[in-house]
Number of protein chains: 2
Amino acid sequence: MSAPVRKRTRQGEAVLRAVQASDGFRSAQEIHAQMRAAGEAVGLTTVYRHLQLLADDHVIDALHLDDGQIAYRFCTTDHHHHHVVCRQCGTSVEIDCPDIGDWAQRAARRVGFAAPTHRVEVFGTCPECQTGA
Amino acid sequence: MSAPVRKRTRQGEAVLRAVQASDGFRSAQEIHAQMRAAGEAVGLTTVYRHLQLLADDHVIDALHLDDGQIAYRFCTTDHHHHHVVCRQCGTSVEIDCPDIGDWAQRAARRVGFAAPTHRVEVFGTCPECQTGA
DNA sequence: GTTAGTGCAAATGATTTGCAAACAG
DNA sequence: CTGTTTGCAAATCATTTGCACTAAC
């Protein structure tokens with residue numbers, strides 16, 4: 001086995017750039033479409049592969065949508081945090097709250113559960129979408 | 001159109017009973033398999049349809065798993081609450097925490113998002129699974 | 001030259017839907 | 001009877017994988 005050496009490729013960088021360019025959660029399909037629209041020649045498969053790779057490296061965040069799709073987002077902060085996601089446009093804002101982590105840990109322990117992890121997702125309508133359509 | 005009259009059927013009740021009998025989140029497929037194993041003659045399609053129906057009526061809770069499946073759980077309490085779900089066996093315990101709701105509302109409003117809703121999922125290993133295998 | 005990355009086409013797997021037969025009211 | 005519900009098979013659809021090929025190092 002050994003550490004798989006990662007090569008620097010045009011497509012790989014393009015995918016990362018595309019996610020960073022988005023201001024909210026975007027599905028793999030959307031990111032691919034956006035790249036094609038921007039003139040990038042990339043296969044859908046490759047986009048999926050890089051997205052998973054980046055998520056594994058914790059460079060981006062993965063979020064499972066209600067309709068079964070997976071949405072990704074580039075995160076600037078590397079400490080634990082959550083997001084408020086706009087139901088309409090997908091724009092997201094990072095929010096910070098140390099209390100939640102503590103609460104989750106305590107709540108889980110209280111009922112005898114070990115190694116608790118948590119996932120918090122807050123959805124709402126962003127300022128943009130409230131005004132416009 | 002008009003309100004579609006809901007008829008009482010053997011299958012419909014069997015599905016509800018099956019979900020109530022489970023002590024944790026179970027996927028539609030698992031519930032179907034369990035019913036078949038119990039001798040119930042029910043089609044997979046029908047199980048899916050009733051599960052959706054029950055979720056729409058808020059009789060049961062729907063949870064999107066990381067692997068893409070949808071898990072359902074029967075909830076006894078009707079006020080706002082969350083669950084701690086066991087990673088191994090799926091058993092879940094209801095936990096209560098009014099603070100989370102407040103926090104989510106405030107956090108969302110603070111960044112200008114309207115009509116916030118939230119979803120909190122805490123995962124851990126239950127006492128059973130810590131001891132046993 | 002080796003090894004990792006690419007991308008098309010085909011496979012997967014959970015969920016949905018079309019539709020004719022079975023059933024509740 | 002009349003409108004629902006059922007359930008099989010076929011359709012969807014996002015995501016994954018097989019594999020021959022190209023690009024990195």
Side-chain angles (χ1 to χ4, degrees), chain A residues 1-19 22 24-57 59-73 85 90, chain B residues 1-19 22 25-57 59-73 90:
Chain A
M1 36 169 276
S2 75
V5 182
R6 195 147 297 169
K7 295 183 180 178
R8 185 162 281 280
T9 65
R10 171 178 58 76
Q11 292 93 328
E13 314 218 299
V15 171
L16 177 56
R17 221 173 319 111
V19 192
S22 304
F25 279 94
R26 310 292 238 84
S27 73
Q29 308 262 0
E30 288 175 325
I31 291 173
H32 177 242
Q34 171 191 303
M35 293 177 74
R36 300 284 274 223
E40 292 277 8
V42 195
L44 177 56
T45 311
T46 305
V47 174
Y48 273 107
R49 278 194 280 237
H50 278 286
L51 250 18
Q52 281 184 330
L53 231 41
L54 291 170
D56 286 346
D57 293 347
V59 175
I60 60 178
D61 250 27
L63 169 66
H64 291 257
L65 266 32
D66 281 346
D67 68 348
Q69 289 188 199
I70 302 178
Y72 298 90
R73 183 183 196 287
V85 186
Chain B
M1 38 165 274
S2 73
V5 181
R6 195 147 298 169
K7 295 184 179 179
R8 185 161 281 277
T9 65
R10 171 177 59 75
Q11 292 94 328
E13 314 219 299
V15 171
L16 177 56
R17 221 173 319 111
V19 192
S22 305
F25 280 93
R26 310 294 239 82
S27 73
Q29 308 261 2
E30 288 176 325
I31 291 174
H32 177 242
Q34 172 190 301
M35 294 177 71
R36 299 285 274 224
E40 293 276 7
V42 195
L44 178 56
T45 311
T46 305
V47 174
Y48 272 107
R49 278 194 280 236
H50 278 287
L51 250 19
Q52 280 185 330
L53 231 42
L54 290 170
D56 286 346
D57 293 348
V59 175
I60 60 179
D61 250 27
L63 169 66
H64 291 256
L65 266 33
D66 281 347
D67 68 348
Q69 289 189 200
I70 302 178
Y72 298 91
R73 182 183 196 287

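Labels below follow one simple rule: chain letters A, B, ... track the order of the sequence lines, proteins then strands, and each chain is numbered from 1.
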A.B. asks: What is the distance from CG of B:L53 to P of C:dT16, rounded to the nearest Å?
C.D. replies: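 Nearest whole value for this atom pair: 12 Å.
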A.B. asks: Give a yes/no on whether any side-chain N or O of B:Q11 is located under 4.0 angstrom from OP1 or OP2 of C:dA22.
C.D. replies: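 No, no such contact exists.
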A.B. asks: Categorize B:Q52 for me: base, sugar-phosphate, or nothing, with a 4.0 angstrom heavy-atom threshold over every strand shown.
C.D. replies: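 The answer is sugar-phosphate, as B:Q52 gets under 4.0 Å only of primed atoms, P, OP1 or OP2.
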A.B. asks: Determine, stepwise, if the pair B:Q34 / B:S22 fulfils side chain to side chain contact (heavy atoms under 4.5 Å, CB included).
C.D. replies: CA-CA 10 Å; B:Q34 172 190 301; B:S22 305; 3.6 Å; yes
A.B. asks: For the side chain of A:Q29, counting heavy atoms from C-beta on, which of C:dA24, D:dT15, C:dG7 is nearest?
C.D. replies: D:dT15
A.B. asks: Calculate the interatomic distance between A:I31 atom CD1 and D:dT15 atom P; express it in whole Å.
C.D. replies: 10 Å
A.B. asks: Backbone N or O of A:L63 within a donor-acceptor pair of the A:R73 side chain at under 3.5 Å?
C.D. replies: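 No.
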A.B. asks: Whether B:T46 contacts D:dG7 is assessed here as follows: a side-chain N or O lying under 4.0 Å from the phosphate OP1 or OP2. Is that the case?
C.D. replies: yes
A.B. asks: Take the protein atom CG of A:L44 and the nucleotide atom C1' of C:dG5, then report the distance between them rounded to whole Å.
C.D. replies: 16 Å
A.B. asks: To the nearest Å, how far apart are A:L63 CG and D:dA14 C1'?
C.D. replies: 15 Å
A.B. asks: Measure the distance from NZ on B:K7 to P on C:dG25 and round it to the nearest whole Å.
C.D. replies: 7 Å
A.B. asks: Looking across every strand, which nucleic acid part, if any, lies under 4.0 Å from B:H50 by heavy atom: base, sugar-phosphate, or nothing?
C.D. replies: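 Answer is sugar-phosphate: B:H50 comes under 4.0 Å of backbone atoms only.
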A.B. asks: Take the protein atom CD of A:E40 and the nucleotide atom C1' of C:dT6, then report the distance between them rounded to whole Å.
C.D. replies: 14 Å
A.B. asks: When the distance from OH of B:Y48 to P of D:dT6 is rounded to whole Å, what number comes out?
C.D. replies: 16 Å
A.B. asks: C:dG25 base to B:R6 side chain: any donor-acceptor pair below 3.5 Å?
C.D. replies: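 When only heavy-atom distances are counted, B:R6 does not reach the base of C:dG25 through any donor-acceptor pair under 3.5 Å.
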A.B. asks: A:H50 and side-chain contact (heavy atoms from CB on, under 4.5 Å): which partner among A:I31, A:V42, A:V15?
C.D. replies: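 Testing A:H50 for a side-chain contact (heavy atoms from CB on, under 4.5 Å) against A:I31, A:V42, A:V15 leaves exactly one candidate, A:V15.
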A.B. asks: At under 4.0 Å between heavy atoms, what does B:A41 touch on the DNA or RNA strands: base, sugar-phosphate, or nothing?
C.D. replies: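 Sugar-phosphate only.
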A.B. asks: Scan A:T45 against the nucleic acid and name what it touches under 4.0 Å (heavy atoms): base, sugar-phosphate only, or nothing.
C.D. replies: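 Counting heavy atoms under 4.0 Å across all strands, the contact made by A:T45 includes a base.
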A.B. asks: Rounding to a whole Å, what distance do you find between A:R49:CZ and C:dC8:C1'?
C.D. replies: 10 Å
A.B. asks: Between B:R10 and A:V42, who's closer to the 5' end of DNA chain C by nearest nucleotide?
C.D. replies: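 Nearest-nucleotide comparison on DNA chain C picks A:V42.
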A.B. asks: Run the side chain to side chain contact (heavy atoms under 4.5 Å, CB included) check on A:E40 and A:R10 step by step: do they pass?
C.D. replies: CA-CA 9 Å; A:E40 292 277 8; A:R10 171 178 58 76; 4.1 Å; yes
A.B. asks: 5'-most contact on DNA chain D: A:Q69 or A:R8, nearest heavy atom basis?
C.D. replies: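 Between the two, 5'-proximity favours A:Q69.
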A.B. asks: Which part of the nucleic acid, if any, lies within reach of A:H32 when heavy atoms closer than 4.0 Å are counted: base, sugar-phosphate only, or nothing?
C.D. replies: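 Nothing: the residue A:H32, judged by heavy atoms under 4.0 Å, touches no strand.
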A.B. asks: If only atom types and distance count, is the side chain of A:H32 paired as donor or acceptor with the main-chain N or O of A:T46 below 3.5 Å?
C.D. replies: no
